[in-house]
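Take a look at the structure below.
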Amino acid sequence: MNLRQKILALSVLPLVLAILAITALVTSQSTQLARASIATFERNLLKAKESELLNLTNMAVSAIADIYQAADADDEDAKRQVQAILSALDYGPDGYFFAYDYDGVNIVHPRQTFRQGQNWLSLTDPDGNRVIYELIERAKEGGGPHQYKWEKPSTGEVADKLSWAVGLDKWRWMLGTGVYLDDVFAQTAAAEADLRSHIDATFIIVAAITVPIVFAVFLASFLITLRERRLADSKLKELAQRVVDTQEEERARIARELHDGISQTMVAARYMLDLAATKVRAGSSDAADVIERGRQGLNNAIKEVRRISHDLRPGVLDDLGLTAALEALTDSFAERTGVAVELKSVAFKNMILPEARTALYRVAQEALTNIERHANATRVRVVITSAGHGPQMLIEDNGQGFVHPPAGRSSRGLGLRNMQERMEHFGGSLDVRTTSKGTTLKARLPKSTYITQHVDPVPA
């Protein structure tokens, strides 16, 4: 991944993950709430069915109460009357009453008459539930519900059924009735489908809100990245052009130095030597004076070459360190301009990185050049210090100061920008303050520019 793709991923991916997490959480919570609601709804329906069955059972018990209470345990005639009453009690195609004795023999079953007189104690439903046995147990316990699967008379299909059983203990009978739960499960399924549709609708709404937001963030990130990239490209082109311009300016300066200084001096020395040769051949007595003037011209050319090479890369900076290089720089500046220079420095020879030494030297060189060209100063002070936070250089003059160029005019500020960029390259800073009474420049480098663990040096 390139930088732009990484920025887009870092911008959009956390948002997408957050939205997905929130959506998953909302969906999970909604699903759990729906299941809890449906379970509660189903329990309430079953409770209502149980109440209904209890009422129906009580109604049947009331219908046979007079006969049952007046009969004794072996009153067959009373038993036949009760059988007839229970067989006649009917409340729909699937609503009926049934009775078994405690041994499991069927006594009343108006919808399945083939069961009468047979023992069904071991009968099980498709789930392995011992239906008659469990109903008899509920009756012996004083009455209660039991859920199982049983054939539905109206359809002939096996369905879930809820029955309520009570005991006629004097006769050792279990009396019961039941309702099929198709409508309960149908209502539950309808409620679940309705809740599911609401969850799906909520998910669609969340998606409809979040997808445009993600797209907007992605688009905004893309546009910002594109803008920043174009800005960076333009700054890079500007920097490249500035480098080219600086190189061309330096080449032009060196060319002028060579042409106006060394070239002229060498030509003059050559003419002196030619003149000396002519005088020697002519036997003139002043030939030695001409040779001496030619020698002086060659010495001047040698000095000019040394000055130019020193400006390009002072060898003393590598050989003797920053302090010695600054002493040579300030001495040359004072000799050339007549401006008094005060230098206070610590010994930096092997303390900071070579690149950092070069950066400080170039800042001092550029600052002195600006003072020479623009400040009209009579006094300059250069102070180099070292502490735990890193090297620091202070350059002060009592000149006339300067005014920062307006926006869009960068030619006059090229030197300042170069100094600032040299400091920022190492994570340092450059602070320039100017007034009509002079200019103060502070260049700071971080502690990381020290080669070894820092120890405050003795001033040199």
Side-chain angles (χ1 to χ4, degrees), residues 243-343 345 349 354 357-382 395 397 399 411-412 414-415 418-419 460:
V243 171
V244 172
D245 294 342
T246 303
Q247 290 176 344
E248 292 300 326
E249 289 179 3
E250 188 66 15
R251 289 171 180 173
R253 185 185 70 81
I254 295 174
R256 287 194 302 268
E257 295 281 355
L258 293 175
H259 181 270
D260 297 340
I262 298 175
S263 178
Q264 299 295 334
T265 302
M266 295 294 289
V267 170
R270 192 195 70 179
Y271 285 146
M272 288 296 175
L273 293 176
D274 290 343
L275 178 60
T278 301
K279 288 183 176 292
V280 169
R281 285 193 296 267
S284 176
S285 59
D286 60 347
D289 295 335
V290 176
I291 293 174
E292 179 63 24
R293 289 198 299 271
R295 189 182 66 82
Q296 291 177 356
L298 289 176
N299 285 334
N300 291 335
I302 292 172
K303 290 181 180 180
E304 190 69 14
V305 170
R306 288 177 177 174
R307 184 185 66 80
I308 294 175
S309 65
H310 184 273
D311 290 341
L312 293 176
R313 177 68 185 185
V316 68
L317 180 63
D318 298 323
D319 298 334
L320 301 179
L322 179 62
T323 301
L326 289 176
E327 288 178 353
L329 179 65
T330 54
D331 290 344
S332 175
F333 174 81
E335 180 182 358
R336 184 173 65 254
T337 62
V339 177
V341 180
E342 177 188 2
L343 173 64
S345 176
K349 180 178 180 182
R357 295 201 301 266
T358 302
L360 287 174
Y361 179 84
R362 292 304 184 191
V363 169
Q365 187 179 42
E366 183 67 32
L368 293 177
T369 300
N370 289 339
I371 293 172
E372 179 181 358
R373 292 178 179 176
H374 310 296
N376 294 326
T378 60
R379 186 178 68 257
V380 177
R381 181 168 175 261
V382 180
I395 301 177
D397 68 72
S411 59
R412 291 181 60 84
L414 183 60
N418 287 340
M419 290 188 284

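Hydrogens, waters and symmetry mates are skipped; everything else that's a heavy atom, side chains included, is used. Everything numeric in this text was worked out from a predicted model, so none of it was measured.
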Out of the candidates Leu329, Val363, Val341, Thr337, only one should pair with Leu368 under the side chain to side chain contact (heavy atoms under 4.5 Å, CB included) rule; please name it. Leu329
Could you state the interatomic distance from CG (Asp286) to NZ (Lys279), rounded to the nearest 0.5 Å? 4.0 Å
How many angstroms lie between atom CD of Glu366 and atom CD1 of Ile371, to the nearest 0.5 angstrom? 10.5 Å
Considering all heavy atoms of both residues, which atom of Ala377 and which atom of Val339 are nearest to each other, and what is their separation? O-CG2, 3.4 Å
Mark yes when over 12 heavy atoms from residues, nucleotides or ligands other than Arg336 sit less than 6.0 Å from its CZ; otherwise mark no. yes
Find the distance between OG1 (Thr378) and CG (Asp397) and round it off to the nearest 0.5 Å. 9.0 Å
Taking atom CG of Leu326 and atom CG of Leu322, what is their separation to the nearest 0.5 Å? 4.0 Å
Could you tell me if the side chain of Arg357 sits less than 4.5 Å from the side chain of Pro354, heavy atoms only? yes
Could you give the distance from CZ (Arg379) to CD (Glu342), rounded to the nearest 0.5 Å? 9.0 Å
Judged by atom type as modelled, is there a donor-acceptor pair below 3.5 Å linking the side chain of Thr369 to the main-chain atoms of Gln365? yes
Distance in Å, Ile395 CD1 paired with Arg381 CZ, rounded so as to fall on 0.5 Å steps: 11.5 Å
Under 3.5 Å, is there a donor on one side chain and an acceptor on the other for Gln296 and Arg293? no
